[in-house]
Amino acid sequence: MTAAASETYAEIAPFTAISKNLHYRVPGELLHDVQPGVRVLVPLGRRETVGLVLALQGTPPPLEGSIRFKSVKAVLDPRPVVPGDVLHLCRWISRYYFYPLGEIIRSTLPPGFQLQPEVRYRLTGAGKAVLERERRGRKRLEPWFDPGFPETGEPMEACPRDDIETRAFKRLEREGWVERVYVWPSSDLRQKTLKTVRLVETPPDDRLRRSAHLRRLVRLLEDAGGALALRDLRRSLKTADYWARRLQREGFVCMEAAREIRESPYAQTLPACEPPALTTDQQAVVGAIGPFIENGRFQPFLLYGVTGSGKTEIYLHLVQRTLEVGKTALVLVPEIALSTQLEALFRRRFGSRLAVWHSGLSPGARDDQWRKIVDGESSVTLGVRSAVFSPLPRLGLIVVDEEHDGSYKQEDRLRYHARDVALVRARFLGIPVLLGSATPSLQSIRLVHRGRCRFLSLLQRIEDRPLPRIEIIDMRRERGPFRVLSRPLQAAVEKTLADGNQVLLFLNRRGFATFYLCRVCGTVHQCPHCSVSLTYHQQDDTLRCHYCGYEADVPEACPRCGEHALIPFGFGTERVAEEVGKLFPGARIARIDRDSASHPKRLVELLNDVRHRRADVLIGTQMVAKGHDFENITLVGVISADTALQIADFRAGEITVQLLLQVAGRAGRGDQPGEVLVQTFNPDHYTIQAVRNMDYLRFCEEELKARESLQYPPFTRFVRFLLSGADETLTREAMDRFHAVCRAAADELKEENVPVALLGPAPAPIYRLKNRYRRHLYGKAWTNRHLQAFVERVLAESRRLSILRRVALVVDRDPHSGL
DNA sequence: AGCACGCCGACT
DNA sequence: GTCGGCGTGCTC
């Protein structure tokens with residue numbers, strides 16, 4: 001050992017928008033606690049921030065200029081909160097999606113672990129003197145510091161509530177009257193304890209005789225087998241707290257406090273039952289994947305299973321198998337609507353070994369579920385998009401259900417695609433990943449073509465139930481005034497109801513009318529903050545913007561010409577509900593869309609109404625189109641197949657067919673065959689024909705050919721740059737400059753045999769959103785590597801564009817929405 | 001992202 | 001003269 005003390009440095013990703021990792025000295029006393037994957041508190045400039053330790057090193061990187069290394073201030077976790085493989089994944093995501101690593105890591109953590117220190121201002125000795133003596137100074141301090149406040153010895157602190165107060169404090173700080181301190185936020189929702197009362201000894205009769213409440217309490221405990229949660233006791237006995245404490249003093253009961261794990265509040269319970277035997281087809285699928293789970297080898301599988309073919313049972317079997325070999329499993333599902341049913345199935349099979357992860361969980365429940373996973377108390381995670389970061393140790397299998405679903409793509413901040421991230425995570429870990437769908441994405445089908453993914457299929461519905469019969473209704477042939485329900489659809493509904501079956505009517509548009517028009521001057525009512533028309537909602541008689549949430553009363557007269565000639569145009573689910581109510585006065589209607597099911601709890605109630613046949617006609621948007629299993633729905637009516645086609649995107653065809661086939665799949669899932677009627681003004685459109693033929697794979701082959709000839713994804717790769725700013729001219733100018741940078745980068749790369757094409761720039765389809773003007777530009781490359789090189793160059797060059805600081809730039813790799 | 005610095009116009 | 005606006009650069 002030499003005399004020179006060896007130092008340890010930690011590489012840290014701060015939880016802020018900094019794109020660089022920073023290095024800090026680790027003081028001796030923290031040496032044992034600082035390890036990769038734990039959160040630490042570090043000084044950053046004049047601030048303090050939380051960051052994650054990425055690595056430890058003996059030699060620090062050379063620093064430029066006079067920058068000195070600062071030291072880690074505190075360690076926040078006793079054990080790593082981000083497992084090594086997730087950390088590795090985050091690093092990859094940061095590079096691939098061009099997003100700061102620290103922010104990615106932070107967003108993988110549950111709410112209780114995302115906290116940052118709070119800034120407070122503490123009165124200094126000088127400040128106190130001023131407060132006591134000077135009239136002028138007192139005026140400036142008094143809004144926050146009371147001179148008459150009793151001396152408790154505690155330093156007086158205050159925190160600014162807005163920008164103006166922050167400025168005021170900064171001035172006080174310059175005077176030396178207050179100083180800045182950082183405190184840890186006190187909101188402690190991180191743990192919940194469950195108090196349990198346990199009966200030690202039944203009190204003697206003469207003791208019991210004296211109080212009815214006491215007798216009741218003892219009785220409740222005995223009935224519950226000797227112990228009961230205080231919370232439950234309270235529900236049956238208002239004085240439970242008093243008696244429990246009193247009996248505790250007398251030694252008849254004891255109180256136990258245990259950490260409670262908050263669970264998903266909407267889980268349905270199903271009666272226990274034996275797992276059903278697999279069909280031959282299902283066995284073949286399980287047999288193909290099983291060995292990869294056991295041997296731990298990377299392999300993507302695409303499971304093409306028509307709706308109702310029993311994919312879920314395969315997932316359950318494979319997960320079971322994964323657990324049997326001592327590994328854990330991750331199952332991704334699209335957004336909540338369908339997950340409650342799936343959750344119940346998983347809960348029945350895996351009980352407390354299941355952790356769930358979806359938007360219906362409270363922040364506290366999120367913390368608990370997450371902890372359960374890290375601590376290894378649960379071994380299966382069932383969750384939505386962000387569960388792809390689930391910190392499961394010994395992960396052995398990833399399932400992505402309905403892999404084509406658009407909700408796997410996050411459309412704000414970090415714009416990642418959970419299916420793609422799942423594939424990368426599986427590759428890093430060397431484990432199989434199963435993508436399941438009745439309507440796989442073209443991207444996944446291409447993976448199969450290229451030999452990167454194994455194709456498995458289930459072509460029969462379970463119990464040989466027939467696929468529904470599909471009929472296309474040409475709305476151009478409907479005579480007379482416009483009707484929401486065509487004659488054939490109306491007749492079919494009538495017959496279905498008469499037979500005592502249920503109907504699903506699908507329309508991918510909520511509200512009553514899509515816009516309000518003045519018949520005199522032609523004005524369409526627009527959102528004052530966005531360049532979209534307002535939707536009329538009859539439910540509460542308002543006009544609403546579906547993009548920013550703006551709400552207004554319906555005006556009496558046209559705001560432009562003053563005429564009383566406003567009429568609603570277009571129709572949404574509310575209007576369909578009204579029409580059905582008029583046509584079938586006796587029918588019980590359940591409307592399910594984001595308005596009627598504003599809360600997850602309400603959604604579950606509505607779904608249960610349908611499931612338990614308390615409703616005859618279900619009218620809904622996307623929410624009901626996917627995944628649900630309603631046994632008694634025999635008729636599905638698509639009110640307008642044309643809405644999805646209007647998407648201005650090369651994927652419109654793919655999305656339309658997927659959506660329509662998914663909806664069609666809701667019909668005939670019980671023992672009666674199903675029928676599907678599709679209303680459209682474009683009956684000859686190739687997507688509608690594909691739906692009529694119910695031949696999804698053939699549609700894909702044709703669509704892939706078209707994509708190839710047009711050089712669209714999945715044959716090429718896109719990146720979308722979206723610029724937005726409050727000032728229209730400034731935003732346009734920023735885009736001009738940015739475009740120039742892109743052009744230069746593309747020209748340079750062309751010289752290096754890296755071809756990149758630019759599309760645009762153009763105003764974004766929603767030109768104004770939440771008061772910001774938006775323009776976008778697409779870059780196209782033929783390989784991922786080329787796209788990476790292009791975007792890296794563009795971003796490096798555009799850092800020098802000062803105008804970009806005054807607008808917001810979003811980089812959306814593999815964009816799915818062009819809005 | 002914050003936060004500081006530094007440079008300008010407009011007020012007590 | 002300062003206050004506050006915004007432009008610019010940096011954070012180990």
Side-chain angles (χ1 to χ4, degrees), chain A residues 7-27 30 34 36 38-75 94 98-107 114-121 136-137 139-140 159-176 178-183 185 412-414 724-727 729-731 733-734 737 795-811:
Chain A
E7 291 266 23
T8 302
Y9 294 85
E11 185 188 12
I12 284 158
F15 288 1
T16 61
I18 292 180
S19 49
K20 276 193 301 184
N21 301 331
L22 305 177
H23 298 259
Y24 290 84
R25 204 191 294 272
V26 182
L30 296 181
V34 175
V38 299
R39 290 173 307 149
V40 289
L41 194 62
V42 291
L44 179 67
R46 291 244 291 129
R47 291 175 290 160
E48 270 178 23
T49 186
V50 173
L52 195 93
V53 177
L54 301 172
L56 294 175
Q57 44 207 212
T59 20
L63 285 189
E64 283 154 40
S66 57
I67 302 169
R68 301 253 298 121
F69 286 105
K70 292 182 180 171
S71 291
V72 172
K73 290 201 75 160
V75 180
S94 175
F98 308 98
Y99 209 80
L101 179 58
E103 290 216 292
I104 298 170
I105 292 170
R106 185 181 184 206
S107 67
Q114 296 191 7
L115 302 176
Q116 285 281 9
E118 244 168 45
V119 65
R120 293 260 183 91
Y121 288 87
R136 229 174 74 85
K139 270 227 172 92
R140 289 174 54 191
C159 64
R161 286 181 303 261
D162 54 35
D163 278 8
I164 297 164
E165 293 201 353
T166 307
R167 252 195 290 281
F169 276 113
K170 291 228 169 104
R171 239 169 291 143
L172 295 173
E173 193 185 10
R174 267 200 296 277
E175 309 265 13
V178 298
E179 64 187 355
R180 202 186 308 193
V181 288
Y182 286 90
V183 295
D412 65 330
R413 296 189 295 255
L414 171 64
S724 68
D727 186 303
T729 323
L730 186 79
T731 310
E733 194 178 325
R737 301 288 193 82
L795 293 182
E797 289 300 315
S798 59
R799 270 190 304 152
R800 287 210 285 271
L801 286 181
S802 60
I803 194 167
L804 276 189
R805 302 166 148 279
R806 301 165 63 189
V807 294
L809 167 64
V810 168
V811 183

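Every heavy atom of this structure was used, including side-chain atoms; hydrogens, water molecules and symmetry mates were not. Every chain is numbered from 1 and lettered A, B, ... according to where its sequence line falls, protein lines coming before strand lines. Here the structure is a predicted model, which means the values were calculated and not measured.
- Put simply, the side chain of A/S94 gets close to the backbone of A/Y99: a donor and an acceptor are under 3.5 Å apart.
- For A/E733 and A/R737, the salt-bridge test passes: some basic side-chain N is under 4.0 Å from an acidic carboxylate O.
- In this structure, A/L22 and A/P14 approach most closely via the heavy-atom pair CD1-CG, 3.9 Å.
- The distance from atom CG of A/L52 to atom C1' of C/dC12 is 16 Å, rounded to the nearest whole Å.
- Closest to the side chain of A/I18, out of C/dG7, B/dA1, C/dC12, is B/dA1.
- Across A/P43 and A/K73, no two heavy atoms sit closer than the pair CD-CG, 3.7 Å.
- Using a distance-only test at 3.5 Å, with no hydrogens or angles considered, a donor-acceptor pair links the side chain of A/Q114 to the main chain of A/R106.
- Residues A/L795 and A/V811 share a closest heavy-atom pair of CD2-CG2, 4.1 Å.
- In this structure, CZ of A/R800 is placed 15 Å from C1' of C/dG9, rounded to the nearest angstrom.
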- [ ] Let me have a per-nucleotide readout for nucleotides 2-11 of chain B, 5' to 3', with B, S or -, counting only protein heavy atoms under 4.0 Å.
- [x] BSS-------
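- Counting any heavy atom pair closer than 4.0 Å across all strands shown, A/P61 reaches no nucleic acid atom.
- Going from atom CG of A/L44 over to atom P of C/dT11 covers 9 Å, rounded to whole Å.
- Atom P of nucleotide C/dT8 and atom CD1 of A/I803 are separated by 10 Å, given to the nearest angstrom.
- Here the P atom of nucleotide C/dC12 and the CG atom of A/L101 are 17 Å apart, to the nearest Å.
- Side-chain nitrogen and oxygen atoms of A/R167 include at least one within less than 4.0 Å of the OP1 or OP2 phosphate oxygen of C/dG5.
- For A/L54 and C/dC12, the CG to P distance is 16 Å, given to the nearest whole Å.
- The CZ atom of A/R68 sits 18 Å away from the C1' atom of C/dC10 (whole-angstrom rounding).
- In this structure, A/I12 places its CD1 atom 13 Å from C1' of C/dT11, rounding to the nearest Å.
- Both A/R171 and A/S71 lie close to DNA chain C; mapped to their nearest nucleotides by heavy-atom distance, the more 5′-ward contact belongs to A/R171.
- A/C159 places none of its side-chain heavy atoms less than 4.5 Å from the side chain of A/V119.
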